[in-house]
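Computed over heavy atoms, backbone and side chain alike; hydrogens, waters and symmetry mates excluded.
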Amino acid sequence: YIYLSVVVLFLFTLNGCTKINYTSDPYSLLEFSEDTLLFDSVFTTIGSVSFYLSVKNPHDEALLIDRIELEDGLGSEYRINIDGQGVDEFGDPLTSLQDVTILPQDSLYIFVEVTVDPTSSTSAFINKDRIRFRTNGSDQFVVLIAYGRNAAFHYQPGNWFDSSNPPDNILECDEIWTSDLPHVIYGPIRVKPGCSLTIEAGAEVYLHPGSGIWVQGGSIHIEGSLQDKVVFQGDRLDSWYENIPGQWDRIWLTPGSFDNEINYAIIKNGTIGVHADTVANNNPTVIIKNSIIKNMSSIGLLGQGAKIEMSNTVISK
């Protein structure tokens, strides 16, 4: 037993003393899974999803990366996580890392996110940076590009289903949403009794998970056109979310809501498209025309005691 213990200890000692052979050849370069990471349509102040970059050493000797860094440093709107390390020794977001070893035929992963700062632009704008890799005196780069968009943000706390915590009023009476900027909704936005919300042709409405529009005793007028439809969808614009249902809640016409009109709208990727929950009278609860309601996780159109007039409209999975 003593002999065996000595042998095991000797083997561990040899293993701990294994020397890593580094190449100093400036032409032994890294390989990347991508040369550009593109973040498409990121709303200002809202963080993006994470993209990853694989960095490989294809050679038979180890590579010592002298430095990995965001070129814009502390001024960068991007965030990086290098093989699980996302902050520096002070707890601040990581912008650079020195002396990173990649063994022969091995890889490391870098995860990248971006939060775009607002500007005065009503159009999409481009935010760029690069990740620089310096190895044996040679520089290599991976380009980071984000298409940023300013937006009008609508937020209110509260819970539709909790009478002790009803949503606060944040919409002005008879408020109008134009198409100048996208509209991003956080929370159950409420149209209060006796008031209306008008959404003009070409407007884009993006809803955060759990969000929706609650028309409580007032009315909503969605005024799209053949050329400029009004689109409702989730607030994640990455291609992976393009056809995922259940990303937001519903447009809810509660009892007492009246004179609601939806024309040339595309309502997609929510839980319930339109929920008409009111007592019918001689006038229709809602008139829906020339619209598409699709890809809902539960129901496209739900009527409870409601009178609904609908024409030239498609409801589909």
Side-chain angles (χ1 to χ4, degrees), residues 38-43 46-52 113 147 149 151-162 167 177 179 182-191 197 199 201-216 220 222-224 228-254 257 260-278 285-304 306 308 310-317:
L38 174 62
F39 297 80
D40 191 13
S41 297
V42 179
F43 289 126
I46 298 180
S48 70
V49 297
S50 293
F51 284 175
Y52 77 87
E113 296 177 344
Y147 290 98
R149 298 186 71 186
F153 293 93
H154 306 278
Y155 169 77
Q156 75 183 80
N159 188 323
W160 285 340
F161 304 104
D162 185 353
W177 290 2
S179 61
H183 297 267
V184 181
I185 296 177
Y186 276 76
I189 301 303
R190 183 160 71 111
V191 181
L197 170 63
I199 304 178
E204 302 168 66
V205 182
Y206 298 90
L207 301 101
H208 199 65
S211 299
I213 300 176
W214 181 16
V215 184
Q216 186 189 33
I220 187 169
I222 301 171
E223 300 179 344
D228 296 301
K229 297 176 177 62
V230 176
V231 179
F232 294 80
Q233 66 182 55
D235 67 345
R236 286 295 195 185
L237 304 187
D238 311 278
S239 58
W240 191 81
Y241 290 89
E242 185 175 357
N243 295 306
I244 295 180
Q247 295 182 47
W248 56 282
D249 195 76
R250 71 192 74 186
I251 299 171
W252 194 358
L253 314 176
T254 70
S257 178
N260 299 288
E261 298 179 347
I262 300 174
N263 192 22
Y264 283 109
I266 298 175
I267 303 170
K268 63 180 183 178
N269 299 347
T271 302
I272 296 175
V274 178
H275 182 177
D277 181 11
T278 188
T285 303
V286 59
I287 300 173
I288 304 175
K289 300 184 295 183
N290 309 312
S291 296
I292 297 173
I293 303 173
K294 65 178 183 177
N295 204 31
M296 297 291 151
S297 62
S298 181
I299 301 170
L301 175 62
L302 173 60
Q304 295 176 295
I308 300 171
M310 186 165 57
S311 62
N312 195 34
T313 292
V314 174
I315 302 175
S316 66
K317 291 293 284 183

Verdict with reasoning, Trp248 to Ile267, per side chain to side chain contact (heavy atoms under 4.5 Å, CB included): CA-CA 11 Å; Trp248 56 282; Ile267 303 170; 3.7 Å; yes
Qualifying residue, where the test is side-chain hydrogen bond (donor to acceptor under 3.5 Å, both in side chains) with Glu204 and the options are Arg149, Lys229, Gln233, His183: Arg149
State, with a plain yes or no, whether a side-chain heavy atom of [X] is found less than 4.5 Å away from one of [Y].
X	Y	value
Val49	Arg236	yes
Ile199	Phe232	yes
Leu301	Ile288	yes

Result of checking Asp235, Val205, Val184, Ile185 against Ser211 for side-chain contact (heavy atoms from CB on, under 4.5 Å): Ile185
Step-by-step side chain to side chain contact (heavy atoms under 4.5 Å, CB included) determination, Asn263 to Ile222: CA-CA 6 Å; Asn263 192 22; Ile222 301 171; over 6 Å; no
Are the side chain of [X] and the backbone of [Y] linked by a donor-acceptor contact shorter than 3.5 Å?
X	Y	result
Thr254	Val215	yes
Ser291	Ala265	yes
Asp228	Ala201	no
Asp277	Gly303	no
Ser48	Val42	no

To the nearest 0.5 Å, what is the distance between [atom1] on [X] and [atom2] on [Y]?
X	Y	atom1	atom2	result
Met296	Lys268	CE	NZ	10.0 Å
Leu302	Leu253	CG	CG	10.5 Å
Thr313	Tyr264	OG1	OH	10.0 Å

Centroid separation Phe39 to Tyr147 less than 6.0 Å: no
Steps toward side chain to side chain contact (heavy atoms under 4.5 Å, CB included) verdict (Leu237, Asp40): CA-CA 7 Å; Leu237 304 187; Asp40 191 13; over 6 Å; no
Worked check of side chain to side chain contact (heavy atoms under 4.5 Å, CB included) between Ile220 and Ile213: CA-CA 9 Å; Ile220 187 169; Ile213 300 176; 4.1 Å; yes
Ser50 and Glu113 side chains, donor-acceptor separation under 3.5 Å: yes
Short side-chain donor-acceptor distance under 3.5 Å, His275 and Gln304: yes
Residues which pass side-chain hydrogen bond (donor to acceptor under 3.5 Å, both in side chains) with Ser257, listed by chain and number, not counting sequence neighbours: Asn260
